[in-house]
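Lettering follows sequence order; numbering is per chain, from 1.
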Amino acid sequence: MCGRYAIFAEPSKLKDMFGTENILNIAPRYNAAPMQDMPIIIKTRMGMARWGLLPPWAKNDDASLAVKMMNARSETVHEKPSFRDSWEKRRRCLIPVSGFYEWKKSANAKTKTPYFIHGRDNDVLALVGLWSKWGNDVVTYTILTKQADGPIADLHHRMPVIVPASQSEKWFGADTAQAHQMMADASGTSLAFHAVSNQVGAVKNDYKELVDAVAA
DNA sequence: CCAGACGTTGTT
DNA sequence: GTCTGG
DNA sequence: CCAGACGTTGTT
DNA sequence: GTCTGG
């Protein structure tokens with residue numbers, strides 16, 4: 001799945017990659033966590049939104065509800081009450097990430113090791129997601145997931161749905177059947193990963209060395 | 001009818 | 001063990 | 001996702 | 001808001 005990630009690309013590079021009409025002056029992040037405001041792309045605009053989808057019918061700005069919606073299974077997203085509305089109304093987004101983290105438990109489950117997963121060529125990855133608006137100004141999003149393939153299948157059996165940035169227009173223009181097809185076709189074969197410091201576990205830590213390789 | 005959930009991953 | 005905060 | 005808290009009364 | 005469970 002995807003419960004922590006990094007985005008440290010130059011804002012101008014994101015603008016070029018996704019062809020957005022605006023640019024966001026965002027600081028590099030090495031340890032983005034659910035319930036934080038992060039950049040997302042909706043069609044040709046880039047803006048900030050809070051990670052963890054709060055459904056429009058929520059009675060309050062309910063953090064315990066929203067945080068559970070940080071991921072949505074691509075296979076069943078259309079039928080879940082929490083995501084249905086966003087799915088049917090094509091409230092799609094792309095989440096730019098430099099890479100994301102997964103924790104692998106040891107065989108005896110006593111310890112866990114964090115890994116940083118990134119594109120083999122270190123390009124920014126475009127994760128697909130859905131967004132929702134609650135009230136007048138709470139915009140939230142979720143990251144879609146699917147069965148893992150490629151090198152990281154050894155690490156985890158689920159992974160975020162990743163599409164080439166060049167398919168941005170296709171993603172936003174697709175009907176729901178085509179969108180499902182795009183997600184089914186998404187692959188993790190061009191990913192690579194390495195073990196990183198346990199320091200990434202604490203959300204308060206947010207510095208560039210977190211993505212550096214350490215002995216596993 | 002009302003009350004309560006509404007999610008994922010991973011582990012058993 | 002379970003919930004909350006980040 | 002992980003880390004860290006998990007409580008009350010009364011006082012300022 | 002809508003569905004499920006009781």
* Measure from the side-chain N and O atoms of A:S86 to the backbone N and O of A:W131, and report whether any donor-acceptor pair falls under 3.5 Å. => yes
* Positions of residues 59-80 of chain A (non-hydrogen atom under 4.0 Å from DNA chain C), listed by number -> A:S64, A:V67
* **A:N31 side chain vs A:A6 backbone, donor-acceptor pair below 3.5 Å** => no
* If we take the C1' atom in both B:dT9 and D:dC2, what is their distance in whole Å? -> 14 Å
* To do: Validate the cation-pi geometry between A:R92 and A:W171: distance from NZ or CZ to the six-membered ring centre under 6.0 Å, angle to the ring axis within 45°.
  => yes
* **Integer-rounded Å distance: B:dT8 C1' and A:R4 CZ** => 16 Å
* Asked: Should the pair A:R91-A:D85 be classified as a salt bridge under the 4.0 Å nitrogen-to-oxygen rule?
  -> yes
* Please state the P separation for the pair B:dG4 and C:dC3 - nearest whole angstrom. => 16 Å
* Structure fact -> A:M159 atom CE is separated from B:dT8 atom C1', nearest whole Å, by 16 Å
* Asked: Under a 3.5 Å cutoff on both atom distances, Watson-Crick or G-U, what's the dot-bracket for DNA chain E ([ ] crossing, | other strand)?
  -> ||||||
* **Connected hydrophobic set around A:F116, excluding itself, where side chains approach under 4.5 Å** => A:F8, A:Y30, A:Y101, A:W103, A:V196, A:V200, A:Y207, A:L210, A:V211
* Asked: Which of residues 126-142 of chain A sit near DNA chain C, with a heavy atom under 4.0 Å from it?
  -> none
* **Over all atoms of both residues, closest heavy-atom pair of A:E75 and A:Q147** => OE2-N, 3.8 Å
* Asked: Hey, is the side chain of A:K112 poking within less than 4.0 Å of OP1 or OP2 on D:dA3, counting only N and O atoms?
  -> yes
* Residues touching DNA chain E, which here means a heavy atom under 4.0 Å, drawn from residues 84-105 of chain A -> A:R84
* **Donor-acceptor contact present, side-chain A:S132 to main-chain A:P55, <3.5 Å** => no
* Structure fact -> A:A195 meets the side-chain contact (heavy atoms from CB on, under 4.5 Å) criterion, sequence neighbours left out, with A:T113, A:Y115, A:V214, A:A216
* Structure fact -> From CE of A:M35 across to P of D:dA3 the rounded distance in Å is 19 Å
* Structure fact -> note: A:K146, atom NZ; B:dT9, atom C1'; distance rounded to Å ~ 17 Å
* Asked: In whole Å, what separates the P atom of C:dT2 from that of B:dA5?
  -> 15 Å
* **Carboxylate-amine/guanidinium proximity below 4.0 Å for A:R50 and A:D61** => yes
* To do: Compare every heavy atom of A:L54 with every heavy atom of A:A58, then report the nearest pair and how far apart it is.
  => CB-CD1, 3.7 Å
* **A:I152 CD1 - B:dT9 P separation (whole Å)** => 12 Å
* Verify, without hydrogens or angle tests, whether A:T142 (side chain) and A:M70 (backbone) share a donor-acceptor contact under 3.5 angstrom. => yes
* Quick one: CG on A:N71 to CZ on A:F83, what's the gap to the nearest 0.5 Å? -> 8.0 Å
* Asked: Residues two or more places apart in sequence or in another chain: which of them pass side-chain contact (heavy atoms from CB on, under 4.5 Å) with A:A213?
  -> A:H194
* Under 5.5 Å between ring centres and under 30° between planes: true for A:W57 and the base of B:dC6? -> yes
* Can A:T20 and A:T44 be counted as having a side-chain donor-acceptor contact under 3.5 angstrom? -> no
* If you walk 5' to 3' along DNA chain E, what is the first nucleotide with an atom under 4.0 Å of a heavy atom in chain A, and what is the last? -> E:dG1 to E:dC3
Listed pairs under 3.5 Å, donor-acceptor, residues 117-127 of chain A side chains, sequence neighbours left out:
| residue | atom | partner | partner atom | Å |
| --- | --- | --- | --- | --- |
| A:H118 | ND1 | A:N122 | OD1 | 3.1 |
| A:R120 | NH1 | A:T189 | O | 3.4 |
| A:D121 | OD1 | A:D123 | N | 3.2 |

* To do: Considering only atom C1', compute the distance from B:dG7 to D:dG7 and round it to an integer number of Å.
  => 30 Å
* Asked: On the ring face of A:W51, is A:R4 found with NZ or CZ under 6.0 Å from the centre and within 45° of the axis?
  -> no
* Asked: With sequence neighbours left out, what residues match A:E79 under salt bridge (Lys or Arg N to Asp or Glu O under 4.0 Å)?
  -> none
* Could you measure between the two P atoms, the one in B:dT11 and the one in E:dG1, and give it in whole Å? => 39 Å
* To do: Mind listing the closest non-hydrogen atom pair of A:A174 and A:A179 along with its distance?
  => CB-N, 3.8 Å
* Asked: Which of residues 179-204 of chain A sit near DNA chain E, with a heavy atom under 4.0 Å from it?
  -> none
* Asked: For A:M35, which fellow cluster members are found when Ile, Leu, Val, Met, Phe, Trp and Tyr are connected by side-chain heavy-atom distances below 4.5 angstrom, either directly or through intermediates?
  -> A:V67
